[in-house]
Amino acid sequence: MAAFNELVFSGVQPTGNLHLGNYLGAIKRFVEMQERNAQCLYCVVDLHAITLWQDPQALRGQIREVTAAFLAAGIDPKRSIVFNQSQVPQHAELAWIFNCVARLGWLNRMTQFKDKAGKDRENASIGLYDYPVLMAADILAYRATHVPVGEDQKQHLELTRDIAQKFNNDFGSSIQAHGHGEQFFPITEPLIGGPAARVMSLRDGTKKMSKSDPSEYSRIALTDDADAIAQKVRKAKTDPEALPSEVEGLKGRPEADNLVGIFAALRGITREDVLKDFGGAQFSSFKPALVDLAVETLAPINAEMKRLVADPAHIDAVLADGAARAEAIAAPTLDAVKDIVGFVRRGPALRAV
Ligand code: AQP
């Protein structure tokens with residue numbers, strides 16, 4: 001059995017409208033992993049973004065904006081590796097090999113494709129269908145052991161594990177012959193959890209907060225100023241009851257549950273702790289406290305994002321440096337995969353067989 005060093009990988013799509021769900025469910029947790037001194041790679045997944053049409057000029061800006069959000073939230077590009085996916089060719093290359101490992105039946109079960117393709121499935125891009133295979137390649141090009149993501153990515157992470165397992169089984173004897181022990185790829189652990197694993201729309205507590213929701217009032221954007229945040233929280237849908245004093249009392253109250261969850265995640269506490277302070281309170285007093293907390297947290301991120309986006313040359317230099325460091329990890333993985341699969345490649349095989 002091979003031993004794998006702890007390595008964290010995660011990505012965010014540069015598809016515009018970065019929101020509080022992306023921050024609390026993903027980016028904030030990326031920083032926490034970095035602070036635990038794990039080796040972390042954080043990727044702006046631009047190859048994923050073009051599975052749906054992106055205007056080229058806007059896409060370039062969005063790639064820099066997500067990078068700025070990473071840095072503004074506290075990701076240190078010296079300690080963590082920050083890069084955009086298209087600069088590291090091994091992602092696409094490994095995805096092709098995984099296309100030949102993954103089964104059609106596995107992809108047919110992916111609910112995100114069904115949601116995003118909608119009724120006009122025949123007209124969806126092949127990339128959108130293949131999205132989870134590329135995601136497996138993103139993660140396994142680094143043989144990442146842990147992936148912090150929101151709950152919506154759970155099914156894709158399960159597919160990554162299935163692909164790793166099948167590759168390890170299908171090529172078992174070749175993996176051993178090349179000196180990699182019994183497993184070449186780790187069975188990656190998803191890190192999903194906390195009060196903000198699934199932040200819901202401010203307009204409908206049963207729908208995920210999402211970039212593509214046509215209503216601006218459904219989400220708090222990372223680019224929103226204090227006034228916009230206050231207005232959106234004030235208008236957020238609620239019910240007429242006071243907040244309960246126990247978490248069980250949030251059952252069947254999706255909007256109340258969502259706002260309490262957001263408060264908890266922003267403060268870094270549990271829903272229970274929030275209800276200790278606000279149990280029995282009306283939304284008329286809870287919402288202003290939530291506005292204060294959201295503004296206090298997001299205003300410095302917002303200001304730093306603006307400063308960084310105004311200096312695209314700096315952002316591009318961060319991405320270039322990150323891409324070179326990422327490729328230094330991914331290239332040997334791909335060389336080993338090619339040897340295991342039986343390709344002939346330039347340079348010496350890792351172990352002649
Ligand atoms: N509502 C959410 N709550 C918690 N986490 C979330 N994430 C997304 N929405 C929520 C997490 O953010 C990370 C980056 O997401 P992404 O940009 O790669 O993809 P996405 O899931 O497509 O984002 P959206 O906002 O939901 O876009 P659309 O509208 O296109 O569906 C991931 O870790 C994700 O789990």
Side-chain angles (χ1 to χ4, degrees), residues 8-33 40-54 58-59 62-63 65-67 69-70 73 75 82 84-85 91 110-118 124-125 127-128 131-132 134-136 138-139 144 146-160 188-216 218-223 232 236 254-255 257-259 261-266:
V8 174
F9 176 94
S10 200
V12 173
Q13 293 190 75
T15 38
N17 292 338
L18 268 185
H19 54 71
L20 190 63
N22 299 131
Y23 174 66
L24 294 175
I27 300 171
K28 183 171 190 273
R29 298 173 62 234
F30 298 175
V31 181
E32 288 164 7
M33 297 307 295
C40 300
L41 291 109
Y42 295 127
C43 185
V44 183
V45 288
D46 46 12
L47 297 177
H48 281 282
I50 62 163
T51 58
L52 295 172
W53 165 254
Q54 303 296 326
L59 180 60
Q62 287 158 194
I63 292 168
E65 186 175 88
V66 174
T67 312
F70 283 176
I75 295 171
V82 174
N84 60 313
Q85 191 183 22
H91 291 242
M110 296 294 116
T111 56
Q112 185 173 293
F113 173 74
K114 291 178 194 165
D115 292 345
K116 292 205 169 173
S125 73
L128 187 66
Y131 182 113
L134 177 59
M135 183 166 154
D138 299 336
I139 295 165
H146 294 85
V147 179
V149 277
E151 201 171 86
D152 58 326
Q153 294 300 324
K154 188 165 186 250
Q155 195 184 33
H156 290 166
L157 257 300
E158 280 160 12
L159 189 103
T160 296
T188 306
E189 289 293 334
L191 300 174
I192 302 170
R198 192 172 177 82
V199 176
M200 309 308 275
S201 157
L202 299 181
R203 308 301 298 156
D204 177 352
T206 63
K207 268 174 54 188
K208 186 178 86 121
M209 186 179 283
S210 139
K211 294 169 182 160
S212 54
D213 193 314
S215 167
E216 291 280 337
S218 68
R219 61 181 164 262
I220 293 175
L222 293 192
T223 48
K232 288 177 180 182
E255 284 83 18
D257 184 52
N258 189 36
L259 294 185
I262 290 173
F263 192 102
L266 284 168

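Indexing begins at 1, ligand by ligand and atom by atom, following the structure's order. No experiment lies behind these values; they were computed from the predicted model shown.
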Undergrad: Looking only at protein heavy atoms, which one is nearest to atom 33 (O) of ligand 1, and how far off is it?
TA: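 The protein heavy atom lying closest is Gly150 N, 3.2 Å.
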Undergrad: Would you check whether Lys116 has a nitrogen or oxygen atom less than 3.5 angstrom from a nitrogen or oxygen atom of ligand 1?
TA: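 N/O-N/O distance under 3.5 Å: yes.
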Undergrad: Looking at atom 8 (C) of ligand 1, what's its closest protein heavy atom, distance included?
TA: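 Checked against all protein heavy atoms, atom 8 (C) of ligand 1 sits closest to Asn22 ND2, 3.2 Å.
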Undergrad: Could you tell me if the side chain of Thr223 sits less than 4.5 Å from the side chain of Glu65, heavy atoms only?
TA: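 Side-chain contact under 4.5 Å: yes.
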Undergrad: Enumerate the atoms of ligand 1 whose separation from the nearest heavy atom of Ala196 is less than 4.0 angstrom.
TA: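 Listed by number with element: 4 (C).
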Undergrad: Got the closest protein heavy atom to atom 35 (O) of ligand 1, with its distance?
TA: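 Here the nearest protein heavy atom works out to Asp152 OD1, 2.4 Å.
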Undergrad: Name the closest protein heavy atom to atom 19 (O) of ligand 1, giving the residue it belongs to and the distance to 0.1 Å.
TA: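 In this structure, atom 19 (O) of ligand 1 has Gln13 NE2, 3.3 Å as its nearest protein heavy atom.
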Undergrad: Please examine the side chains of Lys211 and Leu18, heavy atoms only from C-beta on, and report whether any two atoms are closer than 4.5 Å.
TA: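 Yes, at least one pair of side-chain atoms sits under 4.5 Å.
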Undergrad: Please check whether Met200 reaches ligand 1 - meaning an N/O of the residue sits under 3.5 Å from an N/O of the ligand, judged on distance alone.
TA: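 No, Met200 has no N/O under 3.5 Å of an N/O on ligand 1.
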Undergrad: Can you tell if the side chain of Val66 reaches within under 4.5 Å of the side chain of Ile27, non-hydrogen atoms only?
TA: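 Not touching, per the 4.5 Å side-chain cut-off.
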Undergrad: Are any of the N/O atoms on Gln112, whether in the backbone or the side chain, positioned under 3.5 angstrom from an N/O atom of ligand 1?
TA: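 The answer is no, given that Gln112 and ligand 1 share no N or O pair closer than 3.5 Å.
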Undergrad: Taking both backbone and side-chain atoms of Ser10, is any N or O found less than 3.5 Å from an N or O belonging to ligand 1?
TA: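 No, Ser10 has no N/O under 3.5 Å of an N/O on ligand 1.
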Undergrad: Based purely on interatomic distance, does Lys208 place a nitrogen or oxygen under 3.5 Å from a nitrogen or oxygen of ligand 1?
TA: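 Yes: some nitrogen or oxygen of Lys208 is under 3.5 Å from one in ligand 1.
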Undergrad: Among all protein heavy atoms, pick out the one at the shortest distance from atom 25 (O) of ligand 1; state its residue, atom name and that distance to 0.1 Å.
TA: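 Looking only at protein heavy atoms, the one closest to atom 25 (O) of ligand 1 is His19 NE2, 2.6 Å.
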Undergrad: Specify the protein heavy atom at minimum distance from atom 17 (O) of ligand 1: its residue, its atom name, and the distance to 0.1 Å.
TA: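 Going by distance alone, atom 17 (O) of ligand 1 is nearest to Lys211 NZ, 2.2 Å.
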Undergrad: Contact between Leu59 and Pro14 at the side-chain level, heavy atoms closer than 4.5 Å - yes or no?
TA: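 Yes, side chains in contact.
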Undergrad: Using a 3.5 Å cut-off on N or O atoms only, is Asp213 in polar contact with ligand 1?
TA: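 Looking only at distances, the answer is no, because the N/O contact criterion of under 3.5 Å is not met.
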Undergrad: By number and element, which atoms of ligand 1 are closer than 4.0 Å to a non-hydrogen atom of Val149?
TA: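 Heavy-atom distances to Val149 below 4.0 Å select 33 (O).
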Undergrad: Quick one: which ligand 1 atoms are inside 4.0 Å of a heavy atom on Gln153?
TA: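 Result: 21 (O), 35 (O).
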Undergrad: Give yes if a backbone or side-chain nitrogen or oxygen of Val199 is under 3.5 Å from a nitrogen or oxygen of ligand 1, and no if not.
TA: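 Among all N and O atoms of Val199, at least one is under 3.5 Å from an N or O of ligand 1.
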Undergrad: Please verify the inter-ring angle class for Phe30 with Tyr42; under 30° counts as parallel, over 60° as perpendicular, anything in between as tilted.
TA: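 Ring orientation, 0 to 90° scale: parallel.
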Undergrad: Specify the closest pair of heavy atoms between Leu128 and Ala117, including all atoms of both residues, with the distance to one decimal.
TA: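 Taking every non-hydrogen atom into account, CD2-N, 4.1 Å.
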Undergrad: Does an N or O anywhere in Gly21 fall below 3.5 Å from an N or O of ligand 1?
TA: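 In this structure, Gly21 places an N or O atom under 3.5 Å from an N or O of ligand 1.
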Undergrad: Of Ala26, Ser210, Ala49, which has the heavy atom at the shortest distance from atom 29 (O) of ligand 1?
TA: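 The nearest heavy atom belongs to Ser210.
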Undergrad: Do Asp213 and Arg203 come within less than 4.5 Å of each other through their side chains, counting heavy atoms only?
TA: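 Side chain of Asp213 against side chain of Arg203, heavy atoms only: no contact under 4.5 Å found.
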Undergrad: Find out whether Leu157 and Ile139 are in side-chain contact, i.e. whether some heavy atom of one side chain is under 4.5 Å from a heavy atom of the other.
TA: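 Yes, their side chains come closer than 4.5 Å.
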Undergrad: Out of Gly11, Ala197, Gly194, who is nearest to atom 4 (C) of ligand 1 when you count heavy atoms only?
TA: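 Heavy atom nearest to atom 4 (C) of ligand 1 belongs to Ala197.
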Undergrad: Heavy-atom contacts with Arg198 under 4.0 Å: which atoms of ligand 1 show up? List them by number with element.
TA: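 So the atoms of ligand 1 that pass are 3 (N), 4 (C).
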Undergrad: Regarding ligand 1, does Gly25 bring an N or O atom to under 3.5 Å of one of the ligand's N or O atoms?
TA: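 Gly25 vs ligand 1: no N/O contact under 3.5 Å.
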Undergrad: Side chains of Ile262 and Leu202: does their closest heavy-atom pair fall under 4.5 Å?
TA: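 Result yes, sub-4.5 Å side-chain heavy-atom pair found.
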Undergrad: So Asp152 and Lys208, salt bridge (Lys or Arg N to Asp or Glu O under 4.0 Å) or not? Walk me through it.
TA: CA-CA 9 Å; Asp152 58 326; Lys208 186 178 86 121; 2.8 Å; yes
Undergrad: Which atom names give the shortest non-hydrogen contact between His146 and Thr188, and what distance separates them?
TA: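 Reported closest heavy-atom pair: N-CG2, 4.0 Å.
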Undergrad: Grab the two heavy atoms, one from Leu47 and one from Gln85, that are nearest each other, plus how far apart they are.
TA: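 It is N-OE1, 2.8 Å.
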Undergrad: State the atoms of ligand 1, each with its element, that fall below the 4.0 Å cut-off from a heavy-atom position in Ser212.
TA: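 Listed by number with element: 28 (P), 29 (O), 30 (O).
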Undergrad: Might you confirm whether atom NZ of Lys154 has over 12 heavy atoms from other residues, nucleotides or ligands at distances under 6.0 Å?
TA: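 Counting other residues, nucleotides and ligands, NZ of Lys154 stays at 12 neighbours or fewer.
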Undergrad: Hey, are the side chains of Leu52 and Thr15 touching, using non-hydrogen atoms and a 4.5 Å cut-off?
TA: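 Not touching, per the 4.5 Å side-chain cut-off.
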Undergrad: Would you say Tyr131 and ligand 1 have an N/O pair spaced under 3.5 Å apart?
TA: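 Such a contact does not occur with ligand 1.
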